[in-house]
Amino acid sequence: MARTEREERMLNRLQAGARNLSCGVHLEALSPLQRNELYTTLLFDRLQRKMRTVTELWEEATRNWNQTFYLMYFRTLGDRTNQAVYLELARRVPYRIVLRERLAPHAVEAMLLGCSGLLDLYRDDSYTLDLRRSFEYLAAKYSLERLDAQAWELAGIRPANHPVLRLAQAAEFFTQDEFIMQRAMECCNENDVRRLFRVEASEYWRTHYIPGAASLDTPKRLGNFKANIIGINLVAVLQYAYGSYTGHEALRDRSLTLLERLEAEDNRYIRAWLNSCAPTPANAFETQALLQLATEYCAERRCTECPLGRRLLQRAAETH
């Protein structure tokens with residue numbers, strides 16, 4: 001059916017402002033009920049997209065959910081620039097090996113840091129020499145292959161986010177409990193997520209951000225911000241995916257509740273929405289919906305497929 005002149009004008013305006021997220025004013029004009037319906041549609045759209053990634057990793061992990069959780073954790077651990085290399089490291093040091101060495105956290109740290117190749121970038125001290133020796137033994141025992149240190153993007157990374165420190169924290173995380181995934185599936189709120197994921201790296205790292213360079217003595221613990229990101233992109237997604245695959249509806253519902261109870265995200269997309277007069281999001285449920293709107297529809301100017309765009313075009317068609 002041909003569009004009316006009013007619809008064409010509306011579509012042109014939407015597409016002209018799409019990449020600047022200019023629809024914030026239209027979001028503000030919706031009633032709370034309409035906005036909630038829209039956000040719910042967008043969130044389910046986003047979760048379905050993320051489930052495709054989970055499915056790919058689950059198949060790669062020969063349908064082992066613990067290994068899938070492990071791969072997802074490393075994929076979420078760093079920023080986008082190092083996402084692929086974190087994931088590759090998790091493939092080279094699989095969870096089954098970590099479980100075999102779990103009662104010796106130093107061994108797990110040696111495998112992760114040694115296999116990352118990152119130790120080659122820094123001068124040694126007694127601790128890192130010990131890590132290297134342990135890694136040589138474990139690499140021979142499990143046929144581990146070291147990554148090239150140049151695979152990591154380290155420029156501009158803050159010390160607290162450095163991959164070396166993140167991997168030391170990951171070693172502590174996966175040695176704290178044999179039933180990590182089960183505990184993650186039980187998370188219902190922000191406190192649960194922070195209690196589980198805000199682990200502190202081993203004693204050496206209290207006085208180091210990177211090997212061989214002393215820092216002030218402070219606990220090197222995963223921060224609240226990063227724990228929340230893991231809650232959004234790992235826990236809630238895996239709860240939804242695992243609940244979907246197992247027919248566990250309560251677990252799917254828990255994932256949505258968790259997103260409602262986690263803090264709203266603060267990133268360039270959310271700030272752009274606020275600059276375009278969109279309502280301030282109340283929680284991660286709403287920011288995830290806004291991210292879906294920005295990245296899947298606005299960025300591609302898919303206004304005729306967008307749930308908000310369709311609503312506005314329908315309203316234009318009905319207006320005489």
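Just so you know, these numbers use all the heavy atoms, side chains as well, and skip hydrogens, waters and symmetry mates.
Counting heavy atoms of neighbouring residues, nucleotides and ligands inside a 6.0 Å radius, atom CZ of Arg206 exceeds 12 of them. More than 12 heavy atoms of other residues, nucleotides or ligands sit less than 6.0 Å from atom CD of Glu59. Within 6.0 Å of the CZ atom in Arg100, the count of heavy atoms belonging to other residues, nucleotides or ligands does not exceed 12.
Between Tyr70 and Phe174, the gap from one ring centroid to the other is short of 6.0 Å.
Within the 4.5 Å cutoff, the side chain of Asn66 has no heavy atoms near those of the Leu99 side chain. Pro159 is not listed as a side-chain neighbour of Leu165, based on a closest heavy-atom distance of 4.5 Å or more. Here the side chains of Tyr122 and Thr128 are not in contact, with every heavy-atom distance at 4.5 Å or above. Taking 4.5 Å as the limit, some side-chain heavy atom of Arg271 sits within range of a side-chain heavy atom of Asp266. Counting only heavy atoms from C-beta outward, the side chains of Leu196 and Asp192 never approach each other to under 4.5 Å. When side chains are defined from C-beta on, Val54 counts as touching Trp65, because their heavy atoms get closer than 4.5 Å.
Not a single donor-acceptor pair under 3.5 Å links the side chain of Glu172 to the backbone N or O of Arg221. Looking only at distances, a side-chain donor or acceptor of Arg198 sits under 3.5 Å from a matching main-chain atom of Leu222. Looking only at distances, no side-chain donor or acceptor of Asn20 sits under 3.5 Å from a matching main-chain atom of Ser22. Under a 3.5 Å cut-off, the side chain of Asn283 and the backbone N or O of Glu286 do form a donor-acceptor pair. Judged by distance alone, with hydrogens and angles left aside, the side-chain atoms of Trp152 form a donor-acceptor pair with the main-chain N or O of Ser116 at under 3.5 Å. Formation of a donor-acceptor pair under 3.5 Å by the Gln169 side chain with backbone atoms of Lys220 is found in this model. The backbone N or O of Gln15 lies less than 3.5 Å from a partner atom in the side chain of Arg301, making a donor-acceptor pair. Side-chain N or O atoms of Arg254 include one that pairs as donor or acceptor with a backbone N or O of Met185 at under 3.5 Å.
For Asp253, the side chain to side chain donor-acceptor pair (under 3.5 Å) test picks out no residue, with sequence neighbours left out.
Taking CE of Met181 as the reference point, atom OG1 of Thr68 lies at 7.5 Å (rounded to 0.5 Å). The structure places CG of Leu71 at 12.0 Å from OG1 of Thr53, a figure rounded to the nearest 0.5 Å. Atoms CG and CG, from Leu251 and Leu238 in turn, are 8.5 Å apart once rounded to the nearest 0.5 Å. Note: Gln176 CD to Glu200 CD = 12.5 Å, rounded to the nearest 0.5 Å. The distance from the CG atom of Asp124 to the CZ atom of Arg132 is 4.5 Å, given to the nearest 0.5 Å. We find the CZ-CZ distance between Arg166 and Phe173 to be 13.0 Å, quoted to the nearest 0.5 Å.
Residues Ala299 and Arg19 approach most closely at O-NE, 3.1 Å, considering heavy atoms. The minimum heavy-atom distance between Leu262 and Glu190, with the atom names listed, is CD2-CA, 3.8 Å. When all heavy atoms are compared, the tightest approach of Ile229 to Thr76 is O-CG2, 4.2 Å. The two residues Pro279 and Glu28 make their nearest non-hydrogen contact at CG-OE1, 3.4 Å. Closest approach of Lys226 to Gly78, counting heavy atoms only: NZ-O, 3.5 Å. Minimum interatomic distance between Phe74 and Tyr86 (heavy atoms only, all atoms of both residues): O-CB, 3.2 Å.
Under a 4.0 Å N-O distance rule, the pair Glu136/Arg133 does not qualify as a salt bridge. The pair Lys50-Glu296 fails the salt-bridge criterion, with no side-chain N (NZ, NE, NH1 or NH2) lying under 4.0 Å from an Asp/Glu carboxylate O. Salt bridge Arg183/Glu186: absent, no basic N to carboxylate O contact under 4.0 Å.
A continuous path of ILVMFWY side-chain contacts below 4.5 Å connects Tyr137 to Phe135, so both sit in one hydrophobic cluster. In the hydrophobic clustering of this structure, Phe225 does not group with Tyr269; members are Ile, Leu, Val, Met, Phe, Trp, Tyr whose side-chain heavy atoms approach within less than 4.5 Å, directly or through other members. When the side chains of ILVMFWY residues are joined at heavy-atom separations under 4.5 Å, either directly or via intervening members, Val25 and Leu21 end up in two distinct hydrophobic clusters.
Between Met111 and the choices Ile97, Leu167, Leu89, the side chain to side chain contact (heavy atoms under 4.5 Å, CB included) rule is met once, by Ile97.
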For this session: Assess whether side chain to side chain contact (heavy atoms under 4.5 Å, CB included) is satisfied between Arg146 and Arg92, documenting all intermediate values.
Result: CA-CA 8 Å; Arg146 191 198 317 256; Arg92 296 191 183 205; 5.7 Å; no

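Using a 30° and 60° split on the angle between ring planes, His208 and Tyr204 fall in the parallel class, below 30°.
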